[in-house]
Enquirer: 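I'd like to ask you about the structure that follows.
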There are 2 protein chains.
Amino acid sequence: MSSPRTATIADVAKHAGVAVSTVSYVLSGKRAISATTRQRVLDSVRALGYHPNAGARALASKRAKVIALVLPLRAGMNLPVLMQFATSVVTTARQYDHDVLLMTADEGPDGLRRVAASALVDGMLLMDVEMHDPRVPLLRHLGEPSVLIGFPADREGLTCVDLDFARAGALCADHLAGLGHREIALLGAPSVVYERGTGFAERTLAGFVEAAGRHGVRAVTRPCEESFDEVCSAVRDLMDEHPGVSGLVVHNEAAVGHVLGALRVLGKRVPEDVSVVAICPDDVAERASPALTSVLVPAEDVGRQAVRLLMAKLDDHPVPQSTLLEPRLTIRESTQ
Amino acid sequence: MSSPRTATIADVAKHAGVAVSTVSYVLSGKRAISATTRQRVLDSVRALGYHPNAGARALASKRAKVIALVLPLRAGMNLPVLMQFATSVVTTARQYDHDVLLMTADEGPDGLRRVAASALVDGMLLMDVEMHDPRVPLLRHLGEPSVLIGFPADREGLTCVDLDFARAGALCADHLAGLGHREIALLGAPSVVYERGTGFAERTLAGFVEAAGRHGVRAVTRPCEESFDEVCSAVRDLMDEHPGVSGLVVHNEAAVGHVLGALRVLGKRVPEDVSVVAICPDDVAERASPALTSVLVPAEDVGRQAVRLLMAKLDDHPVPQSTLLEPRLTIRESTQ
DNA sequence: CCTTCCTGTCGAAGCGCTTCGACGACCTGG
DNA sequence: CCAGGTCGTCGAAGCGCTTCGACAGGAAGG
């Protein structure tokens with residue numbers, strides 16, 4: 001049962017009849033090795049099922065080949081997107097031969113410090129960055145390579161990636177305005193998210209308002225809680241106060257379903273009476289009835305891009321300070 | 001800017017005026033150290049901001065203090081529960097001074113092999129285990145300490161944890177029968193989940209049917225897809241074919257909201273015409289209207305318990321082969 | 001034909017930590 | 001008062017890997 005002690009590089013060297021360092025150079029490609037030797041070593045590696053010991057490698061090379069993914073896991077986050085994101089980070093990292101250490105934000109800045117100081121990871125990916133995030137100054141100070149998902153207020157010296165939420169908001173307004181709607185509304189995140197100063201919510205709103213203005217369309221916006229009853233009354237109030245609203249943008253994944261339910265209850269048909277555009281993942285939009293015209297949050301792209309940037313930084317390649325990912329609008333049945 | 005090379009154990013030893021090994025013993029507690037020396041060392045540790053180098057520690061001690069969390073990230077999984085689970089795993093692991101490496105199942109068995117062979121992790125947690133999971137034999141073979149979330153068909157030599165889904169199903173039936181309902185129905189996971197032979201769906205169903213039988217109540221069950229339209233027709237068909245059904249159990253998180261919408265569309269009032277019990281996280285149940293009587297999937301408990309078991313195994317403590325977590329029914333407004 | 005320069009390989013020196021055996025110093029009991 | 005224990009500490013030997021400098025041997029250049 002007990003495996004016969006996993007093979008070490010010395011075993012491989014002996015098996016191939018070469019020096020330990022030669023094996024290392026074959027595996028890392030850092031020095032030229034003749035084709036025949038290389039092949040012999042590779043064969044031995046396979047024969048013995050050799051995998052380098054991660055600790056030893058990290059110790060000697062000062063590279064752990066692990067990156068940290070710091071997820072928030074706080075109230076008001078939308079989980080499915082997060083999960084998609086995490087998946088794409090792991091997958092992409094593996095393509096670069098790196099693994100992913102999962103951290104939650106509740107260990108706080110100390111967690112970052114610990115992980116950096118112990119050389120457990122080579123760099124980190126931080127999600128759900130706020131405008132005035134306490135981790136940001138620490139990050140600058142630590143000097144660990146890092147990439148942020150989201151934009152803090154002061155971007156100096158950082159590398160940030162995000163969906164271009166302003167464009168997303170604008171895209172929704174453009175679409176509705178293009179369909180001839182003259183008065184449109186945005187139902188956003190729960191108010192707590194705005195209070196926290198999470199950038200993406202504000203940027204969506206700004207983009208929406210700006211685009212509406214550009215088209216000469218009246219725009220109203222309000223936060224949106226996530227229980228059915230609260231969504232219901234929010235929608236009702238909105239319609240009462242602004243009876244002319246015929247286009248609705250929903251930027252709140254948990255509430256999307258409830259908004260449709262609320263409209264049904266109020267006797268509003270979609271899209272005949274009200275057109276609805278959601279900013280959410282495609283599966284949620286497709287699962288709704290009618291299927292929702294939506295702007296996709298490209299979680300996978302963001303994850304992939306973030307990892308790429310981090311890898312570039314690890315290799316000391318220069319990277320742009322900000323990367324904005326283009327949103328994509330998919331027209332389905334909920335707008336006309 | 002560049003930190004002055006992070007402190008090593010040698011630095012601490014020098015600063016405290018003791019031998020390196022003494023520092024190590026203070027930190028690990030594996031040998032008796034006088035109170036005064038201990039204090040001096042601890043002070044130096046704090047003064048220098050010392051954190052042991054993870055690689056070196058792993059190399060020397062053969063313990064990485066990292067566990068792997070293998071998530072599925074496949075279709076039909078319900079993400080929020082998964083996320084809660086992941087959070088509780090990370091948090092609990094940290095309490096045991098361990099970190100968590102995130103792996104997706106798509107690297108497959110090779111991923112497990114790699115991670116085990118490279119000693120990157122000391123043990124693993126596998127989620128979403130199927131009845132005939134290909135990873136199970138490998139796991140037995142590798143001899144890495146591991147804990148499974150979910151039950152494969154052959155449990156021999158493994159350690160498994162899960163919610164007692166049979167009890168959960170039974171609890172729902174008990175509750176409805178107790179309220180006097182004589183004909184009840186279970187709306188389950190999408191059919192693909194049953195086809196995959198995922199244990200939890202089948203066990204819920206079995207528990208539900210068994211309990212209904214025990215109470216002399218008629219039970220009907222069917223799988224349930226996740227789009228609003230499909231849910232709608234499933235509910236309509238169900239009601240047409242079994243007009244006597246007055247109690248509904250929904251074991252499908254994504255469909256819960258749609259079921260309520262469907263009943264609303266069909267003119268059925270909840271709970272006056274139909275009582276509804278959901279098996280889902282509390283926040284989903286609370287967010288619905290009316291707030292749903294629900295059986296909680298105690299993702300946090302499962303995560304915590306799984307980590308505890310794994311830690312016990314790492315310390316060579318004996319652990320039970322199966323651990324079933326008791327479900328808890330919360331009565332809200334949707335049943336009468 | 002001899003220097004100069006690659007190319008391919010090797011040996012050895014760490015990386016920072018844990019752990020084992022050794023060994024004074026001190027206590028205890030006969 | 002000394003044999004036999006403890007207790008607290010130290011030094012050194014690795015753990016498995018990377019990487020540096022050295023060095024044969026052959027190619028190229030004068």
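Computed from a predicted model, the values in this text were never measured in an experiment. Just the heavy atoms: all of them, side chains too, but no hydrogens, waters or symmetry mates, feed the values below.
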Enquirer: Closer than 4.0 angstrom, basic N to acidic O: yes or no for A:Arg113 and A:Asp110?
Expert: yes
Enquirer: Using a strict cut-off of less than 4.0 Å between a Lys/Arg side-chain nitrogen and an Asp/Glu carboxylate oxygen, indicate whether A:Asp315 and A:Arg63 qualify as a salt bridge.
Expert: yes
Enquirer: What range of DNA chain C does chain A touch, first nucleotide to last, counting atoms under 4.0 Å from its heavy atoms?
Expert: C:dG8 to C:dG16
Enquirer: Can you tell me how far the CG atom of A:Leu148 sits from the CZ atom of A:Arg135, to the nearest 0.5 Å?
Expert: 8.0 Å
Enquirer: In the structure I gave you, are the side-chain heavy atoms of A:His98 and A:Leu314 within less than 4.5 Å of one another anywhere?
Expert: yes
Enquirer: Evaluate whether atom NZ of B:Lys313 has more than 12 neighbouring non-hydrogen atoms of other residues, nucleotides or ligands under 6.0 angstrom away.
Expert: yes
Enquirer: Is the number of heavy atoms from other residues, nucleotides or ligands within 6.0 Å of CD (B:Gln321) greater than 12?
Expert: yes
Enquirer: Taking only residues two or more places apart in sequence or in another chain, which ones pass salt bridge (charged side-chain N to carboxylate O under 4.0 Å, His left out) with B:Asp43?
Expert: none
Enquirer: Reckon A:Ser24 touches a base, only the sugar-phosphate, or nothing at all at heavy-atom distances under 4.0 Å?
Expert: base
Enquirer: Tell me the closest heavy-atom pair linking B:Leu309 and B:Thr159, and the distance in Å.
Expert: CD1-CG2, 4.2 Å
Enquirer: Going by side-chain contact (heavy atoms from CB on, under 4.5 Å), A:Val100 matches just one of A:Thr92, A:Val66, A:Leu69. Which one?
Expert: A:Leu69
Enquirer: Do any N or O atoms of the protein come closer than 3.5 Å to N or O atoms of nucleotides 7-10 of chain D, and which pairs are they?
Expert:
unit_1, atom_1, unit_2, atom_2, d
D:dT9, OP1, B:Ser34, OG, 2.9
D:dT9, OP1, B:Thr37, OG1, 2.1
D:dT9, OP2, B:Ser34, N, 2.9
D:dT9, OP2, B:Ser34, OG, 3.3
D:dT9, OP2, B:Thr37, OG1, 3.4
D:dT9, O4, B:Arg31, NH1, 2.7
D:dC10, OP2, B:Ala19, N, 2.8
D:dC10, OP2, B:Thr22, OG1, 2.5
D:dC10, N4, B:Arg31, NH1, 3.4

Enquirer: With sequence neighbours excluded, what pairs up with B:Lys30 under the side chain to side chain contact (heavy atoms under 4.5 Å, CB included) test?
Expert: B:Tyr25, B:Ser28
Enquirer: Do side-chain atoms of A:Asp122 reach the backbone of A:Ile67 as a donor and acceptor pair under 3.5 angstrom?
Expert: no
Enquirer: Are the side chain of B:Ser44 and the backbone of B:Arg40 linked by a donor-acceptor contact shorter than 3.5 Å?
Expert: yes
Enquirer: Using a strict heavy-atom distance below 4.0 Å, which residues from residues 113-123 of chain A are in contact with DNA chain C?
Expert: none
Enquirer: Please give the angle, rounded to 10 degrees, between the axes at the start and the end of the helix from C:dC1-D:dG30 to C:dG30-D:dC1, where five pairs define each axis.
Expert: 40°
